[in-house]
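Order of appearance sets the numbers: ligands from 1, and atoms from 1 within every ligand.
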Amino acid sequence: MTGTRPRIVVSRWIPDDAVALLREAGDVWLPQPDRALPAAELHEVVAGADAAVVTLSEHAGAAFADAAGPQLKVVANVAVGYDNIDVPALAERGITVTNTPGVLTDATADIAFGLLLSVTRRLGEGERLLRSRTPWSFHLGFMLGSGVQGKTLGIVGLGQIGRAMATRARAFGMSIVYTGRRRAPAEVEADLDATYLPQDELLATADVVSLHCPLTSETRHLIDAEALAAMKPTAFLVNTTRGPVVDEAALAEALREGTIAGAGLDVFEHEPDVHPGLLDLDNVAMAPHLGSATVETRTAMATLAARNVLAVLAGETPLTEVTP
Ligand code: DGY
């Protein structure tokens, strides 16, 4: 960066506002036209970069950093989850890692609650019925779902998105229990009227279990066959965090066997693939990882990532740094 403008590599399309911000600080490289770069190609283009902006589809670890070179100062992830980044490997090389918490909280909670309603009220199933031109007529026993008022929502991970989900659920008349690595502050519990339960009790109690914990080595397959068997046969699972938090094969089996009543899924274990066992089931509502997919939210995420890059390149503290 001596005397020349910094090189900023952006792995995939980001909104123009964020590109404009990055251009204030350096020369920006983006794949044009936009496409997913295979790792080897990404490693070629990142060579010589002072900053990199990546999305959750790209892995940034030791090989990425070494391909970039010792001048790489910051990797800005355009996502709140950073399981695609090997934070210790980058920290070891003196590279700052940032993510985008806060700005996608409401959008993600909206999708989580939307999936909850979609699966409990059989909206996807109803739409498929209509689109398949299957004859139907209104009658009192037709396509009955489960109401949510008076039911219990079990939140796994009462962070920002978990709390936003709880707020939505309370507005729909649900009561809230939660579990996680640690208890929320007393004022948060009081505000949401949320009761802490150990995970096994939450699974046995909740009418809907909604996952909001990050993907870590501890939460991979947190919801496995045993956890699914611990849920009520009338209960639903909602996952908007990361696919591998759920053992997808075990989930498909549980849904087929009636171990649980249904699932609402925005994320999948091996994206973009979906376990074939899920695709044929009517008691699953699905979306292709749309949690933060609004124009406003994606703009806010990419802009925050760009501001983090600008801060690090200016020698300042970034707004939202991930600490190893
Ligand atoms: C995230 O930010 O982690 C979402 O999964 C993508 O927006």
Step-by-step side-chain hydrogen bond (donor to acceptor under 3.5 Å, both in side chains) determination, Ser137 to His139:
CA-CA 6 Å; Ser137 64; His139 63 90; 5.7 Å; no
Given salt bridge (charged side-chain N to carboxylate O under 4.0 Å, His left out), test Arg256 with Asp280 step by step and report yes or no.
CA-CA 10 Å; Arg256 197 177 48 248; Asp280 298 327; over 6 Å; no
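Taken together through direct or relayed side-chain contacts under 4.5 Å among Ile, Leu, Val, Met, Phe, Trp and Tyr, Leu117 and Met286 form parts of separate hydrophobic clusters. Linking Ile, Leu, Val, Met, Phe, Trp and Tyr whenever their side-chain heavy atoms come within less than 4.5 Å leaves Ile8 and Val45 in two separate clusters. Hydrophobic clustering (ILVMFWY, side-chain heavy atoms < 4.5 Å, transitive): Ile14 and Val312 are in one cluster. Residues Val156 and Val267 do not share a hydrophobic cluster, clusters being chains of Ile/Leu/Val/Met/Phe/Trp/Tyr side chains in contact below 4.5 Å.
No part of Thr100 comes within 4.0 Å of ligand 1, judged by heavy-atom distances. Using a 4.0 Å cut-off between heavy atoms, Thr108 makes no contact with ligand 1 at all.
Close approach to Leu104 involves these atoms of ligand 1, each under 4.0 Å from a residue heavy atom: 2 (O), 7 (O). Interface of Arg242 with ligand 1, defined as ligand atoms under 4.0 Å from a residue heavy atom, comprises 1 (C), 3 (O), 4 (C), 5 (O). Residue His289 has at least one heavy-atom neighbour below 4.0 Å for each of these atoms of ligand 1: 4 (C), 5 (O), 6 (C). Each of the atoms 2 (O), 7 (O) of ligand 1 lies under 4.0 Å from some heavy atom of Met301. When each atom of ligand 1 is checked for a heavy atom of Ala79 under 4.0 Å away, the hits are 1 (C), 2 (O), 3 (O).
In this structure, the protein non-hydrogen atom closest to atom 7 (O) of ligand 1 is Ser292 OG, 2.5 Å. Of the protein's non-hydrogen atoms, Val80 N, 2.7 Å is the one closest to atom 2 (O) of ligand 1.
Taking the six-membered ring for Trp and thresholds of 30 and 60 degrees, Tyr178 and Tyr196 have ring planes more than 60 degrees apart, a perpendicular arrangement.
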